[in-house]
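Note sheet for the following structure.
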Amino acid sequence: MMEIYILNFDDVWFSVACDCEQIAASSFGSTQQSAIGKILEMIPFDVPFQVFHEPSLFARSALANLKSLYDAKKINLDFSLALSKLPAYTQKVLKATLQVPLGYVTTYGALAKAVGGGPRAVGNIMASNPFAPIVPCHRVVRANFKIGGYGLGGFRVKAELLSREKQGFSEPKEIMVNGRGLEVFPVECVLKSLDILF
DNA sequence: TGCAAACCATAAC
DNA sequence: GTTATGGTTTGCA
């Protein structure tokens, strides 16, 4: 039985789908309806589920972490995400995306180079990212530092998330993901190229 | 700038 | 099997 929990913090609705103390999917939205709708899209039709407004202990901690992510706070990443049923390549991309630190962004192309495959394939995975915002797909942008797309609330939400993640970094750096380097850039690079500055 | 072609794993038929 | 589909990238006019 898949358990779906939904909770409101500061006018934002967060939702998680839990299966055996694992997060099967997560999402958020500005309305209760959108948060539930998004998460229902991600779970298979043949899986029975139930929606709860009183979160279990596990779910409560998961939802609190979602909220922290939304607020650009650091969290412990020892989530148990239900990755195993996803295709191997998808797992690789999601795991690599998890490594992108707060305050930095990377590009579809850079990710593709690090995990193999092509930029569009990476884009597809992001588009159907079941674990927003745990897997920080909003930190993946186009090569020219334009925002690109965002499924949840469009590019506006993505821009907002990123603007909140400013940390004052100025130099790009390289992080290690499964043995290969992945280049990441300060969020400021993206914000600079936006017309709207926050 | 703007357009066209190459790219590549998935999902849907 | 085959085709369609992108949250892309790059090159070239």
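Because the structure is predicted, anything quoted here is derived from the model rather than measured. Heavy-atom basis, side chains included; hydrogens, waters and symmetry copies ignored. Order of the sequence lines fixes the chain letters, A, B, ..., with proteins taken first and strands second; residue numbering starts at 1 for each chain.
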Nearest-angstrom distance from the residue atom [atom1] of [X] to [atom2] of [N]:
| X | N | atom1 | atom2 | value |
| --- | --- | --- | --- | --- |
| A/L86 | B/dA9 | CG | P | 17 Å |
| A/N124 | C/dT8 | CG | P | 9 Å |
| A/R142 | B/dG2 | CZ | P | 12 Å |
| A/F145 | C/dT8 | CZ | P | 15 Å |
| A/N129 | C/dG6 | CG | P | 18 Å |
| A/I147 | C/dT9 | CD1 | C1' | 18 Å |
| A/F155 | C/dG6 | CZ | P | 20 Å |
| A/L161 | C/dG7 | CG | P | 18 Å |

Report task. For A/K74, look at atom NZ and say whether over 12 heavy atoms of other residues, nucleotides or ligands are found less than 6.0 Å away. Result -> no
**Report entry** Greater than 12 external heavy atoms within 6.0 Å of A/N144's CG
**Finding:** yes
Under 4.0 Å, counting only non-hydrogen atoms across every strand here, what does [X] touch: a base, just sugar-phosphate, or nothing?
| X | value |
| --- | --- |
| A/V140 | base |
| A/A127 | base |
| A/G149 | base |

Identify whether [X] and [Y] are in the same connected component of the hydrophobic contact network (ILVMFWY, side-chain heavy atoms under 4.5 Å).
| X | Y | value |
| --- | --- | --- |
| A/L102 | A/F185 | no |
| A/V177 | A/V184 | yes |
| A/V157 | A/V100 | yes |
| A/L7 | A/I75 | yes |

Query raised in the report: Between A/F52 and A/Y5, does a ring-ring contact (aromatic ring centres under 6.0 Å, His included) hold up when you go through it step by step?
Result: CA-CA 5 Å; A/F52 298 85; A/Y5 299 95; 5.2 Å; yes
Report summary line: Under the rule of Watson-Crick or G-U wobble with both distances under 3.5 Å, where | means paired to another strand and [ ] a crossing pair, DNA chain B maps to ||||||.||||||
Query raised in the report: Which parts of residues 88-116 of chain A get close to DNA chain B, meaning a heavy atom less than 4.0 angstrom away?
Result: A/Y89, A/T90
Query raised in the report: If you check every side-chain atom of A/A121, which of C/dT9, B/dA9, B/dC7 has the closest atom?
Result: B/dA9
Report summary line: Closest of C/dG7, C/dT10, C/dG6 to the A/R120 side chain is C/dG6
**Report entry** Gap between atom CD of A/Q32 and atom CZ of A/F14 - 0.5 Å precision
**Finding:** 13.5 Å
Report task. Is it possible for you to check whether A/R164 lies under 6.0 Å from the centre of the six-membered ring of A/Y70, through NZ or CZ, and within 45° of that ring's axis? Result -> yes
